[in-house]
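Below is one structure; the comments refer to it alone.
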Amino acid sequence: MSLITNINKAFDHRIRLGIMSVLVVNEFADFNTLKELLDVTDGNLASHTKALEKVEYIKVEKQFIGRKPNTRYKATRKGKTAFKKHIEALEHIIKRSEQ
């Protein structure tokens, strides 16, 4: 088995890694929260959330709060599992390089 077998291409960008990091430790996060935490533009965040939604790692919920639209995101079970494996693979690589 290759050292990078469990590295997941869906998390190869820092913004996707950041989105998943926030969502695995929180029940959900809305668009503006993610935008502020990750310090990204609307377009950047939208494209990366779309990529994670496409592989079913996050679920998108659209609603209205009062008259304002609100989009929030939640990590799916599949997404949490894939992210955990990805992080474990990175930790494995780091441990191997320290030997």
Atom CG of Asp12 with >12 non-hydrogen neighbours under 6.0 angstrom: yes
CG on Leu45 to CG on Leu34, rounded to 0.5 Å: 5.5 Å
Heavy-atom side-chain proximity of Leu38 to Ile19 below 4.5 angstrom: yes
Heavy-atom side-chain proximity of Ile58 to Thr76 below 4.5 angstrom: no
pair Arg72-Asn70: side-chain heavy atoms closer than 4.5 Å: yes
Check: Val22 main-chain N/O paired with Asn26 side-chain donor or acceptor under 3.5 Å: yes
Heavy-atom neighbours of Gln63 CD exceed 12 at 6.0 Å: yes
Set of ring pair (Phe, Tyr, Trp, His ring centres under 6.0 Å) partners for His13, sequence neighbours left out: His48
Residues in ring pair (Phe, Tyr, Trp, His ring centres under 6.0 Å) contact with Tyr73, at least two apart in sequence or another chain: none
Leu52 reachable from Val60 in the ILVMFWY side-chain graph, under 4.5 Å edges: yes
Separation of Phe31 CZ from Lys62 NZ (nearest 0.5 Å): 9.0 Å
Distance (rounded to the nearest 0.5 Å) between Ser21 OG and Ile15 CD1: 12.5 Å
Gap separating the NZ atom of Lys35 from the CG atom of Asn44, nearest 0.5 angstrom: 11.0 Å
Side-chain heavy atoms of Thr71 within contact of Asp30, under 4.5 Å: no
Would you list the atom pairs, donor with acceptor, under 3.5 Å between side chains in residues 78-95 and any protein atom, with sequence neighbours excluded?
residue, atom, partner, partner atom, Å
Lys78, NZ, Val55, O, 3.4
Thr81, OG1, Arg77, O, 3.0
His86, ND1, Asn8, N, 3.0

